[in-house]
Amino acid sequence: MGNSNGGAARAAPKTRIVVVGGGFGGAQLVRHLEGLCRRSRHDVQIILVSKDNYFLMTPLLFEACSGTLQLQHCSVPIRAFLHKALFLEATVRHIDLERRVVHASGSDRAEYEVPYDQLVLAPGSVTNTTRIPGSEYAFTFKALADALVLRNHILERFERAEVETDQAHKRKLLTFVVVGGGLVGIELLGELNAFVDSIGLFYPHVRRDDVRFVVFEGGEHILPEIEPQLVQYAEKVLRRRPGVEIRTGVRVTAIEPEAVHVGGETLEAGTIVLSAGILPSPLVATLPLEKGRHGELIVDATMRCPSRPEVWALGDCASIPSPNGKPYPTLAQHALREAKALAGSLHAVLHGGSPRPFVYHIKGLMGSLGHKKAFAQVLGVRLRGFLAWWVRRTYYLAQVPGWTRRLHVVMDWTMALFFRPDIVKIDTAREAELLLRDAAAGGLPGPVNPLRRLGEPFSGAAPQ
Ligand SMILES: Cc1cc2nc3c(=O)[nH]c(=O)nc-3n(C[C@H](O)[C@H](O)[C@H](O)COP(=O)(O)OP(=O)(O)OC[C@H]3O[C@@H](n4cnc5c(N)ncnc54)[C@H](O)[C@@H]3O)c2cc1C
């Protein structure tokens, strides 16, 4: 791994495998490959390059947002489960396929050049913000930072609503819109709904009736991924909750700051979350390789790029054909199995063998609805309610790498059974701004805005 600022070059190992992206696909691939190469291939160097130094358990992100889980407990530090593989926390900006070099930059703008013999691409996906004009005004829900930002925003809305005297403005502050009724959108809706119920006690001037959740789904029904019986169940559970509206067969045509346009109607909302599809990581778009309709990398059934046999791809960024010719869905359960299969294929190739096609039959799908309710279709069996919720939790707990983090998760879940969620709001951008301002003022806090003095009547007006 060379630093283009002139870092000392190391003796090149015989075979260098570089993996881009430390998520379900990339991080798990490295784990499996390390295991396979540990005894037989000491001449192989594995390098994992990823933007963040942790692996995110996305199915637990909802609970991190609602505070059931501490934020960092839905992620696992990558270094904690690597043995001999090198890890570089950096963002890959460019890949020179001719010279076989990955160019990445670190947070301090340090530039790295990482040569490879075999390259595995697993940079995942991003929320599709190209479909609906104004998507930049909506929150996304994909990364750890998204959960933090959304959580802080919701708490901030409640703080404002608590002291708001204008009823119309209060309603707007307390209207939460989710654009997209797929698995992620619906799980988020369910979890946020439960979160709002549990924090109500802290906000005596917010009536539960004032809080409104609206989900817009362009298709005929929500949860297109799951069986109709479970869709009906999920709809029934959610519709029974106060303030929940599920609007199907309607498309959001535009998003503005604090408003969505649906057909001829405009709905004002203090919080808008976009969860209407994904696109492959923008890194993929920069590569002169064959792409599918949505920009995903076309690979063969062994996950190899047809035009570049030394390049492989898996997970959300890749279109991997299943035996019936259709690409596998973009799900963690597939990325995990693809990782294992690809590690085996790479190991075989290192020994002069051939890679094997990836074949996997989906085992089922699960989704949480909050309030200890979920739905699941597992190995052909349909589960609902508490049992499904328990199965889902137990399954994802088992998927968390390492016992330390698993224990953290169990402790958080246990605490959440007995105590109300934390409503501490940590607005990192604002805190940093305040610290800088106070430091500039010689350590003294800035001037107190008269509107915000204790004991005086509040007003909904923004401070001048
Ligand atoms: C909220 C949420 C809940 C979900 N729940 C489920 C579920 O319950 N069940 C299920 O099966 N699937 C679920 N999914 C889908 C699942 O998370 C993805 O299918 C899976 O993560 C794909 O794995 P991946 O390795 O391709 O990408 P990811 O896991 O997203 O990993 C990509 C990694 O690459 C890194 N990266 C990206 N770009 C770069 C770059 N340029 N340079 C360096 N590193 C980069 C990222 O930081 C990340 O670490 C959920 C997704 C979300 C958003």
Side-chain angles (χ1 to χ4, degrees), residues 18-30 47-65 74-78 87-95 102-107 112 114 120-128 139-147 150 178 180 182-189 191 225-226 273-275 277-287 296-297 303 313-320 328-339 342 360 362-368 374-376 392-393 395-396 399:
V18 174
V19 180
V20 175
F24 277 97
Q28 298 302 325
L29 173 105
V30 171
I47 303 171
L48 174 60
V49 188
S50 196
K51 225 165 32 181
D52 303 304
N53 77 344
Y54 55 80
F55 157 65
L56 179 65
M57 285 289 299
T58 46
L60 301 180
L61 197 60
F62 309 101
E63 293 179 77
C65 183
C74 67
S75 58
V76 181
I78 286 178
F87 175 66
L88 171 65
E89 192 206 47
T91 301
V92 174
R93 306 270 178 216
H94 168 67
I95 298 170
V102 167
H103 295 266
S105 42
S107 51
Y112 301 92
V114 193
V120 181
L121 295 167
S125 54
V126 293
T127 304
N128 187 352
F139 290 90
T140 51
F141 198 71
K142 194 90 187 55
L144 197 57
D146 289 332
L150 182 59
V178 176
L183 262 174
V184 172
I186 292 299
E187 286 195 75
L188 183 63
L189 180 87
E191 191 65 35
E225 307 90 337
I226 66 163
V273 187
L274 181 65
S275 173
I278 54 171
L279 285 177
S281 155
L283 174 68
V284 171
T286 67
L287 298 171
E296 64 280 16
L297 276 171
M303 294 174 258
L314 76 162
D316 284 5
C317 76
S319 173
I320 305 164
Y328 286 107
T330 49
L331 284 170
Q333 67 170 296
H334 288 79
L336 283 170
R337 270 74 178 197
E338 288 157 16
L342 184 49
Y360 175 68
I362 189 163
K363 298 284 181 289
L365 276 172
M366 300 184 269
S368 168
F375 54 84
R392 181 185 177 276
R393 271 198 162 187
Y395 174 77
Y396 286 122
Q399 299 301 321

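Order of appearance sets the numbers: ligands from 1, and atoms from 1 within every ligand. Because the structure is a prediction, the values reported are computed rather than measured.
Distances shorter than 4.0 angstrom do not occur between any heavy atom of Tyr54 and any atom of ligand 1.
Checking Leu365, Asp316, Thr58 one by one against Leu331, the side chain to side chain contact (heavy atoms under 4.5 Å, CB included) holds for a single residue, Leu365.
Checked against the 6.0 Å centroid threshold, Tyr112 and His103 do not count as a close aromatic pair.
Applying the side-chain hydrogen bond (donor to acceptor under 3.5 Å, both in side chains) criterion to Glu191, with sequence neighbours excluded, gives Ser66. Not counting sequence neighbours, the partners of Glu63 by the salt bridge (charged side-chain N to carboxylate O under 4.0 Å, His left out) test are Arg393.
Under 4.0 Å from ligand 1, heavy atoms of Leu331 appear from its side chain as well as its backbone. If you look at Phe141 next to ligand 1, the close heavy atoms, those under 4.0 Å, come from the backbone and the side chain alike.
The single protein non-hydrogen atom nearest to atom 22 (C) of ligand 1 is Asp316 OD1, 3.2 Å, given as residue, atom name and distance. Atom 50 (C) of ligand 1 has Thr58 OG1, 3.5 Å as its closest protein atom, hydrogens excluded (heavy atom only). At the shortest separation from atom 8 (O) of ligand 1 among protein heavy atoms lies Tyr396 OH, 2.9 Å. Protein heavy atom closest to atom 24 (P) of ligand 1, with residue, atom name and distance, is Gly25 N, 3.9 Å.
Below 30°, between 30° and 60°, or above 60°: for His334 and Tyr328 the angle between ring planes is between 30° and 60°, a tilted geometry.
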